[in-house]
Every structure is written in C-alpha cells, then in structure tokens.
Participant: 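Pasting a structure here, questions to come.
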Amino acid sequence: MATAMPADVRPAEQEQGEEQDIEPAVKRVPPQAGQQPNYSFYVEPFKLEERPRRFLEAFAAILRQSNYGPVLDTYCRVGAKCSVCTASCPVYQVTHDPSDIPCNRSELLLKVYRRYFTLAGNLKSRLFDYFRLTNEHINTLTESVWRCTACKRCKYSCPMGIDHALVTHLARWILAEIGIVPKALVVSVRQQLEGQTHNTSGIPVPALKDTCEFLEEELEEVYPGAGISFPFDVEGCEYVFFPAVSDYLMEADTLMGNAAMLHATGTSWTIGTGNFDGIDYGLFYSDAMWERIIKAQVAEVHRLGGKSMLIGECGHASRSAKEGMAYFIPPEDQVPVVNIMELAYEKFRAGQLILIPDAIEERTTYHDPCNIARKGWIIEQPRAILRHICQDFVEMEPHGCDNYCCGGGGGMVSIDEIREFRTLVGGKTKAEQIKATGAHYVVTPCANCKKQIDEVIKDHGLPQVRTGLHDLMLKAIVLPNGQEPILQEEED
Amino acid sequence: MPVEQWLEWTRGPLFRFALAVMVLGLIRLVVLNGINLISLVRHSYDKKMPVGVVARDTLRWLFPFTRVPASQRFFTLVSVAFHLCIIIVPIFLAGHILLWQRGLGLSWPAMHQTLADYMTLFAIATGLLLFGKRVSTHLTRSLSRVQDYLLPLIIVTTFASGYLAVHPAVNPAGYDATMLVHALSGDLVLILIPFSKLSHMLLLPISHLVSELGWHLVPEAGTRVARALGKEGEPV
Ligand code: SF4
Ligand code: SF4
C-alpha cells in the first residue's frame, strides 16, 4: 500500500525482525545499554535516555488535556477478568499466548496508570514498592499494542464493555510522543502533512492527472463515447472525493467503478488538487496527527466550496473522517462524511443507479472492514448491491458487526516487515473463513483490507481472487442512456 | 463472649456498619463517576449521550445468546444464573426481610422459601463452577488476581452457611456457629462491594457509557500536549 517502501530505502543498520515463531509470542534479545531495542517493526532512531520518565510525562500531559483519564479510571475498577474476550480476539485465538489476551494487554497500561496516577497506587507503591515503570515494561507494551489490530471484537464480547482498542489507541499515542512509532506510519504522515504533495504516497498532482487521464481512456473502452471523467478542482460540487490515495497506484478498477457510478448517477463531484488523500494514519497512533490530517482534508472541502466529503472504498479513511469530523472540527465547519458505498446504495435504492442483475456468475463473498462494520455503520448497503449483481453471493461466518478482522487493521497492514505475523497469525482466521466460502471473488471495500487479503490469499495459498465492490459494479453499471459495459478481459 | 452475643453483634452493629460502608462507598463511586462522565462530555464537541446504545449493550448480558463466542456460551449462562441468584435471594428472602422489618420497619414481598432454597443451591453450584473454571486453565489463571479467587469463595461461603443454618437436618455444625459464619461473610461481602470488582453491580452501565464517550476525543488536545512537552512546531 501507500507506505510500502522499496527495499533500498530501508536503513541498512535496521535488521529484519526476528524469525516469527508463532507459539509462544516472539521473545526478543534484550538490547545492550545505549542500544535501540530491536522491535519487530522498524522504528526511526529515538532518544533512549530516561524513557520511563519521558513516558510518564507524555502520559500525564495526555491525561490532562484529553478524555482518557476517566476511561482508565473506570476500566481499573470494573475489569472482571472473566476471560470471555479471549474467545473473540483473532490474535489470541492463534497464539494462545496469555500476553495476547485483550484484558492482559490493556493491563500493561492500566498498571502504569494505577501506579502513577491514582492515590491508591501511589500509596501502595510507597508501602510495598510494588511496580515501577522500566524500559523493559515500555518495550513489552510497545510490542503488545502493535500486535493488536484495534478491531474491537473484544469490546463487544466483554460484559463490562471494556474497549481494548481504545486502550491500545491511547498507549500508541503515548509511545509516539516518545518517538516509538512504526516507521512505515510516521513516514507516510510526514509526507502527508509536511511533504510537497500532501499525500501519503507522495504522488505529485501532474502524476495524479496522468493517472486519471489513463483511467478515462480505459473507461472509454468500457463505455465508448460516454466521456466518463475525473473532474479536478470544480468549485461548488456536492462531493469532494477522498479515496485512499494508494487506489491511484494500485486499484484502477475500483476508481473506474467509482467514476462510472458517479457518472451514471449524475452526481456532482470533484477531486481537489490541494488534498486528495483520504488516508489518516493518525487514527492508528496519535490523536494529534489525526486532528491535523482531518483539518487539512476539511480545509480542502471548504476551499472548493464542496458540500460533503466523499470517502472512497476505505474503512479506516471513512471512520477517521466521520469520527474525526465530529471530534476535531468545530460544529460550524463540519460537513457530512459519506462513504461511496452509502452513496451508491442510496442511488441504487432510489432507482437512479441501474445495475445489471446477476452480472457476476462466479461465487462471491464479502469481507466487512472492521472500521465501518463493527458499530453497524455499513453492512447492508454493499450486500444489497452484491445480492443484486451476483448470481451466487455467500456470507462468511461470522460476518457483519461480528466479522473477523483481516489481520491488517490498526495500521498493521502498512508495516511490511511484520507480514508473517499479519498473514499467519492475525489473518489466519480470515484465511479459514475465506476458504470455507468456496467463493471465487472476495469483495472488500477497503484499501487496507485489500492489501492484507491479497497477502493472506498468497501466504495461505488460497485460490480466491480479491476485488473491490466498485470493481465488480463496473461490470454491471448501466448508464442512463441504456449503455451497458463492454466487459474487459480479466488479467491476473 | 458467647456465640449468641457475637451473632447479635454481627447482625446488629457490624451489619449496620457494613451496610453504611457499602452505601457510602457506592455513593462515592456514583459521584466520582458522575464527575468523570461530565468531564467526558464537557470537553468534546459531541455532547449527545448514547443512551440507547449503552442500554442495549448492557442489557444484552442478561440474554447472552448473541455476540457471545460459542465456546463461552455455557459459562456465560452459568455466570448470568449465578448473578441473578446472588442478587435476588438476599433481597427477597423472608428471613432477611424480617430483619429489616425489626430494625428499620421496612418491608416488601418475600419470595417463596422453596424457590429461595433452590436458588441458593443453584448459586452455590454455579459459584463453584465459576471458581473451578478459573483455577482449571492456564488462560484463566494468567488473568486472575487475588480478589478473583477470593470473592467467589466468600460468596459461596455466605450462601452455603445460610442454607445450612435454615436446614438443621443437613447441618453438621450448630445453628449459632453456622449463622455466625453466614453473617460475618455476608457483612464482608457488603464491605467489599465498593472496593473490589463487585462494584460492577453499579458500574456496569457506566462502564459501557464510558467506553462510548471515551471516544469523544477532545479537540486541540494534541496541540496542547505538544505544548506541554515542549514539542510545539516540531516536524512530524
Ligand atoms: S481489538 Fe481485536 S486484536 Fe485487539 S485485543 Fe481486541 S480482539 Fe484482539
Ligand atoms: S471480557 Fe472484559 S472483563 Fe472479561 S477478561 Fe475480557 S476484558 Fe476482562
């Protein structure tokens, strides 16, 4: 995906993560004094001195300025240690390592909170010297929170409603403040916020326009004479379009399907050349970055006088925009956030989007991206379309809001050096689910899931073909003048 | 002091003390959590209380058939049965209501004694099952703290001694001694409620609410954190 760095850009002194042994979890060689710990993912050099003190300073500052204190307070009180969540965590299910139990993972941070930020913990430590934050503890926490895909499955099986993804989210932010972030993520965010191109893949505007021209030519072959286009910088549109920018590099069919759908429904939309990347990795490691990125995106919508933000096929981009809009943008500046599948479904239901029924012969299944499905936001919309255009649509079990993460959630998919962990541990259950459907197509409308499922399919030697929703719709969209698509040869 | 006097003491002053500790402790938790909840909504743009979602997520646990992983279904049902028994029996037991009436003049309808007997036995059985589960696997042991082992045992002791006290036929010990154990352990449970995980009897819906509101992130928090850490304006 966006952050896949060519091998030669990687710093030579950082070695490949150790061989992944799955059971028990990776045990690491303790670093020598003054040496950067050897995490399972690359981290840019960070300051080694006084890490515990700086960790606590960052923790304290975040607690003071944010809402996390009350949450940790409550979680410290109610944790029932009942173990129900173990049966729902895809990582623990494969490793069976106690340190991968959601409740134990959160405990790593709660312990620090209790010791340093509650009266009882303070007293207890004075009397018994019971816990002290050490470099080792920080290292354990680091590995642990980057083994969680923040898929939130555990939250919905915990009777207490403890949201371990929220604890993971906070722990990653604190760690980021002392410089411990997977390099893949931070490099992308730097490119997006401070680079010349303002997008995670570093695509310059001329290259973007070239790509879109090429896609227009391709679309001309599917719908000759229709003139389906990718409009740039049109002011006053209904929708300003933000796909995951990596789609421009790797998901031509998804984008062509997007453009065809928007054209067929007569939707007014545009791509802003000031900011055209829906990716927001702040969601994965820092509220500070999340806020800066969503603000830059919203500023582009306002620059163009657009009415809504239209997010492409991407789960985390959709959630980070929708929630980020609500959290970080002052109400007077907020605009609606719409996922492109919601729009397609709405037009389909209103009869404004005509799709050829049963256009897809092969058996098709659908993987729900956690970020849009877990809370029930987008589950039925794509299915209604798929049931219409597919002759044989089958479900994975479980699916919808109980789905299993692809194993690449929470930013993990961008970290190439942990691929084995992602596909063989995090993605194992998903591989089994996919296999059990016997489907030809696995549809998933998310840039993260697309890359991860490609790799899961490959690493597990599965026969399935991964695709996006609009990729399939491109074979079924009928233009208002009755023009049907000329099917292209599938290259694979 | 003879046993009867001890018994009077545990049922009188000690019970009142335990009850006061429980009530005051719970009030303290309500106040603290109230403050927490207010601060959660105060700082964020989104001030809506997701009451519907929280009610659904909380009540779902009384009917643990959906969204509970199949492998956990049996013990989840056991756990729900255990919870129902240990809440209902102490409140609606005729013998307990009598004590309330004598002490404070309060009274409410009692449950049938046979039903109470069965529910007590059920509470003991499910409590032991849950304890057994906790000690039996590496997984659950790795999760458990001291209170996780002790609380179910204390609760089972309370119910077992209560049952024996009212069924002299099966009781190998004398009434007074059994009752003393019952009253002491019962008082202990009351005292422990606000200070242990037992507080979830009150905090359960609050915890669900906090999990929702916790995501109402605070605008500008990132900037202020950077300022506090002297990192303002630093490149990413
Ligand atoms: S969020 Fe997902 S990966 Fe993380 S602990 Fe929960 S179930 Fe496991
Ligand atoms: S389900 Fe909730 S209370 Fe139970 S062990 Fe997991 S996190 Fe802890």
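Residue numbers start from 1 in every chain, and the chains themselves are labelled A, B, ... in the order their sequence lines are given, proteins ahead of strands. Keep in mind that what you see is a predicted model, and the values were worked out from it rather than measured.
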Participant: Hey, what do you get for SG (C82(A)) to CD (Q72(B)), rounding to the nearest 0.5 Å?
Facilitator: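 One gets 7.5 Å once the value is rounded to the nearest 0.5 Å.
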Participant: Is the count of non-hydrogen atoms from other residues, nucleotides or ligands lying under 6.0 Å from K48(B) atom NZ greater than 12?
Facilitator: no
Participant: Without swapping roles, check the side chain of N67(A) against the backbone of H216(B) for a donor-acceptor pair under 3.5 Å.
Facilitator: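 Side chain of N67(A) to backbone of H216(B): a pair is present.
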Participant: Measuring heavy-atom distances to chain B, does L170(A) have an atom under 4.5 Å in its side chain, in its backbone, in both, or in neither?
Facilitator: neither
Participant: Quick check on K133(B): does its NZ atom have over 12 non-hydrogen neighbours (other residues, nucleotides or ligands) under 6.0 Å away?
Facilitator: yes
Participant: Among L143(B), L198(B), T137(B), who wins on heavy-atom pairs under 4.5 Å with chain A?
Facilitator: L143(B)
Participant: Decide side-chain contact (heavy atoms from CB on, under 4.5 Å) for V53(B) and K375(A); before the verdict, give the C-alpha distance in whole Å, the side-chain angles of both, and the deciding distance to 0.1 Å.
Facilitator: CA-CA 10 Å; V53(B) 180; K375(A) 290 175 89 177; over 6 Å; no
Participant: Select all residues of residues 217-236 of chain B having any heavy atom within less than 4.5 Å of some heavy atom of chain A, and report them by number, or 'none'.
Facilitator: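 Residues L217(B), V218(B), P219(B), E220(B), A221(B), G222(B), R224(B), V225(B), A228(B), L229(B), K231(B), E234(B), P235(B), V236(B) are the ones that qualify, each having a heavy atom under 4.5 Å from chain A.
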Participant: What part of N104(A) is in contact with chain B, defined as an atom under 4.5 angstrom from a non-hydrogen atom: side chain, backbone, both or neither?
Facilitator: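 Both backbone and side chain.
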Participant: Specify which of M289(A), R54(A), R319(A) makes the most heavy-atom pairs with chain B at under 4.5 Å.
Facilitator: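 Of the candidates given, the most pairs with chain B belong to R319(A).
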Participant: Give a yes or no on whether Y118(B) atom OH has more than 12 heavy-atom contacts from other residues, nucleotides or ligands under 6.0 Å away.
Facilitator: no
Participant: Please list, chain by chain and in numerical order, all residues satisfying salt bridge (Lys or Arg N to Asp or Glu O under 4.0 Å) with K81(A), sequence neighbours excluded.
Facilitator: E107(A)
Participant: What parts of residues 156-165 of chain A touch chain B if we use heavy atoms and a cut-off under 4.5 Å?
Facilitator: Y156(A), S157(A), C158(A), P159(A), M160(A), G161(A), I162(A), D163(A), A165(A)
Participant: Checking heavy atoms, do the side chain of L166(A), its backbone, both or neither come under 4.5 Å from chain B?
Facilitator: both
Participant: Check whether any side-chain N or O of Y327(A) sits under 3.5 Å from a backbone N or O of W215(B) as a donor-acceptor pair, and report yes or no.
Facilitator: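 Flag set: sc Y327(A) to bb W215(B) pair under 3.5 Å.
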Participant: With a 4.5 Å cut-off on side-chain heavy atoms, are S39(B) and P70(A) touching?
Facilitator: yes
Participant: Given heavy-atom pairs under 4.5 angstrom as the criterion, report whether the side chain, backbone, both or neither of S199(B) touches chain A.
Facilitator: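 It is the side chain, since no backbone atom gets that close.
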Participant: Mind checking which of residues 151-163 of chain B sit less than 4.5 Å from chain A, heavy atom to heavy atom?
Facilitator: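 Residues in range: none.
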Participant: Does any heavy atom of chain A fall under 4.5 Å from the side chain of L29(B), the backbone, both, or neither of them?
Facilitator: side chain
Participant: Please classify the contact between I101(A) and chain B as side chain, backbone, both or neither, with a heavy-atom cut-off of under 4.5 Å.
Facilitator: side chain
Participant: Quick one: which of D46(B), L204(B), L139(B) has the most heavy-atom pairs under 4.5 Å with chain A, could you say?
Facilitator: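 Winner by heavy-atom pair count: L139(B).
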Participant: Could you tell me which portion of L32(B) (side chain, backbone, both or neither) has an atom closer than 4.5 angstrom to a non-hydrogen atom of chain A?
Facilitator: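 Answer is side chain: those atoms of L32(B) sit under 4.5 Å from chain A.
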Participant: Pick one of side chain, backbone, both or neither for P398(A), based on which atoms fall under 4.5 Å of a heavy atom in chain B.
Facilitator: neither
Participant: Please flag which part of T86(A) lies under 4.5 Å from any non-hydrogen atom of chain B: side chain, backbone, both or neither.
Facilitator: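 For T86(A), side-chain heavy atoms alone lie under 4.5 Å from chain B.
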Participant: First locate atom CE of M325(A), then atom OH of Y45(B), and finally report the distance between them rounded to the nearest 0.5 Å.
Facilitator: 12.5 Å
Participant: Should H208(B) and V78(A) count as side-chain neighbours, where that means a heavy-atom distance under 4.5 Å?
Facilitator: no
Participant: Less than 4.5 Å to any heavy atom of chain A: does that hold for the side chain of R42(B), its backbone, both, or neither?
Facilitator: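 No part of R42(B) comes within 4.5 Å of chain A.
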Participant: When heavy-atom pairs shorter than 4.5 Å are enumerated against chain B, which of C85(A), A87(A), A288(A) gives the highest number?
Facilitator: A87(A)
Participant: Can you tell me which of E57(A), Q65(A), R153(A), R77(A) forms the most heavy-atom pairs within a distance under 4.5 Å of chain B?
Facilitator: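 Most heavy-atom pairs within the cutoff with chain B belong to Q65(A).
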Participant: If you count heavy-atom pairs within less than 4.5 Å of chain A, which of Q147(B), R145(B), H43(B) leads?
Facilitator: R145(B)
Participant: Hey, could you give me the OG1/CG distance between T74(A) and L203(B), rounded to the nearest 0.5 Å?
Facilitator: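 Separation between the atoms: 7.0 Å.
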